[in-house]
Amino acid sequence: MGAVARKQLPLRPAGPDTTAALLDWYDSEGRELPWRSPPGRKADPYRVWLSEIMLQQTTVKAVIPYYREFLRAWPNVRALAAASLDEVLTKWAGLGYYSRARNLHKCAIAIVEEHGGRFPRSEAALRKLPGIGPYTAAAIAAIAFNEEATPVDGNIERVIARLFALRLPLPAAKSEIKRLASTLVPSDRPGDFAQAMMDLGATVCTPKRPSCLMCPIQPDCHGYAKGMAESLPLKLAKPDRPSRFGYAFLALSEDGHILLRRRQEAGLLGGMMEVPSTEWRDDWLSVEDAMRSAPFKTDWWPVTGTVTHTFTHFRLQLNVYRAIVPADATLTFWSEPNRCRWVNRRDLHNEALPSLMRKVIAHALPQ
DNA sequence: TATCCGTGGGG
DNA sequence: TCCCCAAGGAT
């Protein structure tokens, strides 16, 4: 009788009843995740932090195996701080957004050297650490320390925009969304509330075809009442993705080693290993010009086909040239020999190779 | 505020 | 095939 009677009443703004309904749903249907401590047990700030960094712009499914491997290799922040950056980048390889790995390592060192190996519990102190922005600081404070913070990620933006039928488009709506979300945070369970909102956004209040009939807070949802839930939040159009083109040089020695090169620390794929290549331009270099960027002079043979890869803000096409050189050959390096290293092709799994470079290698050395 | 920064899966 | 998107941060 409650549902029918309630539907006919004018919809009230979301409030404490909304929060209570959400937490009830979370207690019965919340997800079990590797970094989530069982009910009643204290969360480990290190695990919360590690998972939150990995989950930035990355799906749960992609994160889980990386999270498990990091925790196995480095069970606490002191262990991670004692690792080398290259070890961290190697284990991060394939997860993307490599500045996260560089900042993860920096942050671990800062925790050990400046905070005695313990994470600070306040949002403001967390916010000062490398790689921890507004969302992550609030998430760690709420989830690991039960501080009354309001993390707002993409899920929560969507839930709030729909719940309040917010028509202001992102990203301009961010501050208003944070304000509205903060009005719903319960002082006794801020961490559970944050995770409940994210679970709801991930499993019920999804970007496309949300399951409004299954939603525990649908009776309070203005977006649903107005029939516009799925269209929210509004977003400004995104810029188009230009294309870039380049040539990669896969050198294979007769004893089975591949020539790799370390990329510069900053920028795209910063600090990761690569198959040496020309610069990536907005048009094709001539083959003659491309050869001037080869790592050394030899006979380079074209590999049939092209490697394509899509980054966040551009598409890349690489033509690959291959050379097989005698193990004892005297090679004339043309650029940055100090950044280059021969690696046994059987040991490539121990290298910080991003997905693009694994594609290039697989393309040039099939099997 | 706008741009840069990866990758893989789903519709 | 292509676009969208995922527990954002740094500059």
Side-chain angles (χ1 to χ4, degrees), chain A residues 30-31 33-36 47-67 89 92-104 106-107 126-144 149-159 169-175 178 181 191 193-203 205-210 230 233 235-244 263-272 274 308-316 352-359:
Chain A
R31 297 186 292 176
L33 296 170
W35 43 86
R36 207 170 263 184
R47 300 184 185 204
V48 173
W49 165 69
L50 178 61
S51 67
E52 289 299 344
I53 300 298
M54 288 185 166
L55 286 162
Q56 288 167 6
Q57 297 292 286
T58 309
T59 57
V60 166
K61 184 183 176 186
V63 163
I64 286 177
Y66 285 85
Y67 173 81
L89 288 176
W92 196 278
L95 198 55
Y97 284 142
Y98 297 99
S99 70
R100 292 184 297 170
R102 303 194 296 271
N103 284 327
L104 186 84
K106 258 189 218 167
C107 183
L126 288 162
R127 181 68 182 78
K128 296 185 193 303
L129 292 163
I132 298 184
Y135 162 76
T136 305
I140 296 172
I143 297 169
T150 311
V152 178
D153 73 325
N155 288 305
I156 297 178
E157 281 178 352
R158 187 169 58 254
V159 172
L170 289 170
K174 277 179 180 293
S175 61
K178 174 140 188 171
F193 175 76
Q195 295 181 92
M197 289 283 278
M198 291 189 272
D199 279 11
L200 189 74
T203 64
C205 194
T206 48
K208 296 170 189 171
R209 296 184 60 89
E230 186 170 4
K235 294 188 178 179
L236 263 36
K238 293 176 180 170
D240 55 345
R241 251 193 281 250
S243 289
R244 295 186 193 172
R263 293 175 64 86
Q264 293 188 300
E265 316 306 317
L268 185 71
L269 309 177
M272 303 292 286
E274 67 175 355
T308 63
H309 193 76
T310 303
F311 291 100
T312 305
H313 53 296
F314 68 95
R315 306 170 198 284
L316 178 65
L353 282 168
S355 294
L356 162 64
M357 297 304 164
R358 295 187 186 277
K359 266 192 212 177

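Every chain is numbered from 1 and lettered A, B, ... according to where its sequence line falls, protein lines coming before strand lines.
- Between A:R315 and C:dC3 there is a side-chain N or O to OP1 or OP2 distance below 4.0 Å.
- Using a 3.5 Å distance cut-off with no hydrogens or angles, the side chains of A:Y135 and A:E52 do pair a donor with an acceptor.
- Legend: residues meeting side chain to side chain donor-acceptor pair (under 3.5 Å) with A:K359, ordered by chain and number and at least two apart, are A:H309.
- For the P atom pair drawn from B:dG8 and C:dG9, the interatomic distance equals 22 Å after rounding to whole Å.
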Per-nucleotide protein contact string for nucleotides 6-11 of chain B, where B marks a base within reach and S marks sugar-phosphate only (heavy atoms under 4.0 Å, - for neither): BBS---
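- The side chain of A:T136 lies closest to C:dG8, out of C:dG8, C:dA10, C:dC5.
- Partners of A:T308 according to the side chain to side chain contact (heavy atoms under 4.5 Å, CB included) rule, which considers only residues two or more places apart in sequence or in another chain, are A:T306, A:Q317.
- With sequence neighbours excluded, the residues that form a side chain to side chain donor-acceptor pair (under 3.5 Å) with A:T312 are A:Y97.
- Residues meeting the side chain to side chain donor-acceptor pair (under 3.5 Å) test with A:S99, sequence neighbours left out: none.
- For A:E230, the side chain to side chain contact (heavy atoms under 4.5 Å, CB included) criterion is met by A:K208, A:R209, A:P210, not counting sequence neighbours.
- Among the protein residues, A:W92 comes within range of no part of the nucleic acid, since none of its heavy atoms lies under 4.0 Å from any strand.
- Across all strands, A:P134 comes closer than 4.0 Å only to sugar-phosphate atoms, never to a base (heavy-atom distances).
- Side-chain nitrogen and oxygen atoms of A:R158 include at least one within less than 4.0 Å of the OP1 or OP2 phosphate oxygen of C:dA6.
- One finds no side-chain N or O of A:H313 lying less than 4.0 angstrom from the OP1 or OP2 phosphate oxygen of B:dT3.
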